[in-house]
Amino acid sequence: MKKSDVIEFYARLAADNPHPETELKAGNPFQLVVAVALSAQATDIGVNKATRALFEEVKTPEQMVALGEAGLKQHIKTIGLFNTKAKNVIALSEKLIADFGGEVPADRDALETLPGVGRKTANVVMNVAFGAETFAVDTHIFRVGNRTGLARGKTPLAVELKLDKATPAPFRLHAHHWLILHGRYVCKARKPECWRCIVADLCAYKPKTPAPPSRANAA
DNA sequence: CTCCCGATAT
DNA sequence: ATATCAGGAG
């Protein structure tokens with residue numbers, strides 16, 4: 001995508017949503033790490049539903065360890081991959097206590113040493129909890145980047161590095177939320193709603209659905 | 001590369 | 001019935 005189009009692309013998303021935020025609910029950095037770790041291959045809505053009760057009683061790594069793996073499973077059994085997630089979250093909590101004084105480190109490499117935390121989760125935490133200009137490439141951003149031509153790559157890391165190069169200063173902090181929200185609600189995986197997309201004219205995606213789903217023939 | 005895995009939309 | 005959902009680890 002041309003540099004001028006990239007600027008226009010972001011400018012429109014920014015005008016449409018000046019203050020984009022995470023839809024994952026968390027009261028502190030620890031809860032954020034847990035919520036994002038739980039969100040792999042699951043919807044934000046599903047994660048929030050499970051963490052509502054969980055986060056009322058668990059606000060620290062110590063409380064998570066006290067709850068235990070079996071107790072945690074009871075809270076998150078409605079989320080996919082819950083067995084490995086429960087194990088990871090307990091282990092992650094223990095490691096925060098043992099190696100980081102019970103605090104969430106404001107460092108991507110340190111975050112990535114936590115069980116169940118990879119580059120994408122670490123990037124989310126750095127951006128949301130610590131205000132870092134990171135580009136957390138999840139399934140939505142990977143799709144939007146490749147589809148639109150904004151940032152193409154065969155792997156999430158490749159797309160992340162391209163976004164880092166292509167994204168101008170004024171948009172770097174919120175780029176990841178603009179892109180994820182656009183992917184979630186407009187540039188959907190199955191049925192992208194191009195007819196109401198505000199950046200459709202800048203997009204490389206060809207099989208655009210030209211019009212909204214056919215309402216029954218109008219009178 | 002495979003496995004992990006429930007809820008929801010299509 | 002199947003694709004998809006804020007991925008990560010072996």
Side-chain angles (χ1 to χ4, degrees), chain A residues 13 17 20-26 29-55 69 72-96 104 108-130 132-147 151 153-160 163 173-194 207 209 212-215:
Chain A
L13 294 181
N17 187 358
E21 291 179 352
T22 324
E23 297 189 333
L24 286 168
K25 291 177 181 172
F30 171 65
Q31 291 184 339
L32 179 68
V33 173
V34 173
V36 180
L38 293 178
S39 71
Q41 300 295 288
T43 61
D44 278 17
I45 295 173
V47 173
N48 288 337
K49 182 154 52 172
T51 57
R52 176 181 297 190
L54 174 66
F55 288 167
E69 189 176 322
L72 177 56
K73 280 186 186 177
Q74 283 304 113
H75 281 277
I76 67 171
K77 63 187 179 187
T78 57
I79 304 176
L81 318 180
F82 68 91
N83 275 305
T84 49
K85 287 174 181 176
K87 186 184 300 290
N88 281 337
V89 168
I90 296 300
L92 163 171
S93 301
E94 290 172 338
K95 179 153 185 145
L96 284 177
V104 176
R108 186 172 63 196
D109 292 332
L111 286 167
E112 283 194 66
T113 68
L114 299 171
V117 177
R119 188 176 180 99
K120 176 259 167 180
T121 296
N123 276 334
V124 173
V125 173
M126 289 307 295
N127 180 266
V128 175
F130 303 118
E133 296 180 348
T134 52
F135 303 85
V137 178
D138 69 336
T139 182
H140 297 296
I141 298 184
F142 185 75
R143 179 180 65 251
V144 172
N146 277 298
R147 216 180 237 172
K154 295 187 176 79
T155 66
L157 178 59
V159 171
E160 177 189 331
L163 281 174
L173 181 59
H174 296 306
H176 120 256
H177 281 127
W178 283 317
L179 294 173
I180 194 172
L181 293 171
H182 185 65
R184 184 176 296 162
Y185 296 114
V186 181
C187 194
K188 301 179 184 180
R190 291 230 197 159
K191 258 183 39 167
E193 300 180 0
C194 304
T209 40
S214 58
R215 300 145 268 155

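Reminder, nothing fancy here: chain letters follow the sequence lines and each chain counts from 1. The shown structure was predicted, so the numbers you read here are calculated from the model rather than taken from an experiment.
- Comparing A:Gly116 and A:Asp44 by the nucleotide of DNA chain C whose heavy atom lies nearest to each, the residue mapping closer to the 5' end is A:Asp44.
- More than 12 heavy-atom neighbours from other residues, nucleotides or ligands sit within 6.0 angstrom of CG on A:Leu157.
- A donor-acceptor pair under 3.5 Å is formed between the side chain of A:Asn127 and the backbone N or O of A:Leu173.
- A side-chain donor-acceptor contact under 3.5 Å links A:Arg143 to the backbone of A:Cys187.
- A straight line from CG of A:Asn123 to P of C:dG7 spans 13 Å, rounded to a whole angstrom.
- When rounded to the nearest whole Å, the span between CG of A:Leu24 and C1' of C:dC5 equals 12 Å.
- Rounded to a whole Å, the CG atom of A:Leu111 is 11 Å from the P atom of C:dG8.
- Side chains of A:His174 and A:Asn17 form no contact here, defined as non-hydrogen atoms less than 4.5 Å apart.
- In this structure, A:Ala189 reaches the sugar-phosphate backbone alone: every heavy-atom distance under 4.0 Å involves primed, P, OP1 or OP2 atoms, never a base.
- Across B:dC4 and C:dA1, the matching P atoms stand 22 Å from one another, rounded to whole Å.
- The stretch residues 75-85 of chain A touches DNA chain B through A:Lys77, A:Thr78, A:Ile79, A:Gly80, A:Leu81, A:Phe82, A:Asn83, each having a heavy atom within less than 4.0 Å of the strand.
- Regarding A:Glu69, its CD atom lies at a distance of 14 Å from the C1' atom of B:dC4, rounded to whole Å.
- A:Lys87 comes within contact range of no nucleotide atom at all, as no heavy-atom separation falls under 4.0 Å.
- Between A:Lys191 atom NZ and C:dC5 atom P the separation is 15 Å, expressed in whole Å.
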- Message: Test side-chain contact (heavy atoms from CB on, under 4.5 Å) on A:Thr134 and A:His176; report intermediate values, then the result.
- Response: CA-CA 8 Å; A:Thr134 52; A:His176 120 256; 5.5 Å; no
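- With hydrogens and angles disregarded, no donor-acceptor distance shorter than 3.5 Å links the side chain of A:Gln41 to the backbone of A:Leu81.
- In this structure, A:Gly46 reaches neither bases nor backbone, as no heavy-atom distance under 4.0 Å exists between it and the strands shown.
- Rounded to an integer number of Å, the gap from A:Asp138 CG to C:dG8 C1' is 14 Å.
- Using a 4.0 Å cut-off, no side-chain N or O of A:Lys73 falls inside it from OP1 or OP2 of B:dC5.
- Against DNA chain C, the stretch residues 178-188 of chain A makes heavy-atom approaches under 4.0 Å through A:Ile180, A:Arg184.
- Of the possible donor and acceptor atoms, none in the side chain of A:Asp138 sits under 3.5 Å from a partner among the backbone N and O of A:Ile180.
- Among the heavy atoms of the strands lying under 4.0 Å from A:Thr121 are primed sugar atoms or P, OP1, OP2 only; no base atom is included.
- Checked against side-chain contact (heavy atoms from CB on, under 4.5 Å), A:Ala42 has the following partners two or more places apart in sequence or in another chain: A:Val47, A:Ile79, A:Lys85.
- Whole-Å rounding puts the A:Phe142 CZ to C:dG8 P distance at 14 Å.
- A close approach under 4.0 Å does occur between a side-chain nitrogen or oxygen of A:Thr139 and OP1 or OP2 of C:dC5.
- Look at NZ on A:Lys154: it is 13 Å from P on B:dC1, rounded to the nearest Å.
- The separation of B:dC1 from C:dA6, taken at their C1' atoms, amounts to 23 Å, rounded to a whole angstrom.
- Screening A:Leu111, A:Leu32, A:Leu114 against A:Val104 for a side-chain contact (heavy atoms from CB on, under 4.5 Å) leaves a single residue, A:Leu111.
- The shortest heavy-atom contact between A:Arg147 and A:Ala189 is NH2-O, 3.0 Å.
- Contact annotation for A:Val137: no contact, since no heavy-atom pair falls under 4.0 Å across all strands.
- In this structure, the nucleotide among C:dT2, C:dG7, C:dA6 sitting nearest to the side chain of A:His140 is C:dA6.
- Regarding contacts with the backbone of C:dC5, a side-chain N or O of A:Arg143 is found under 4.0 angstrom from either OP1 or OP2.
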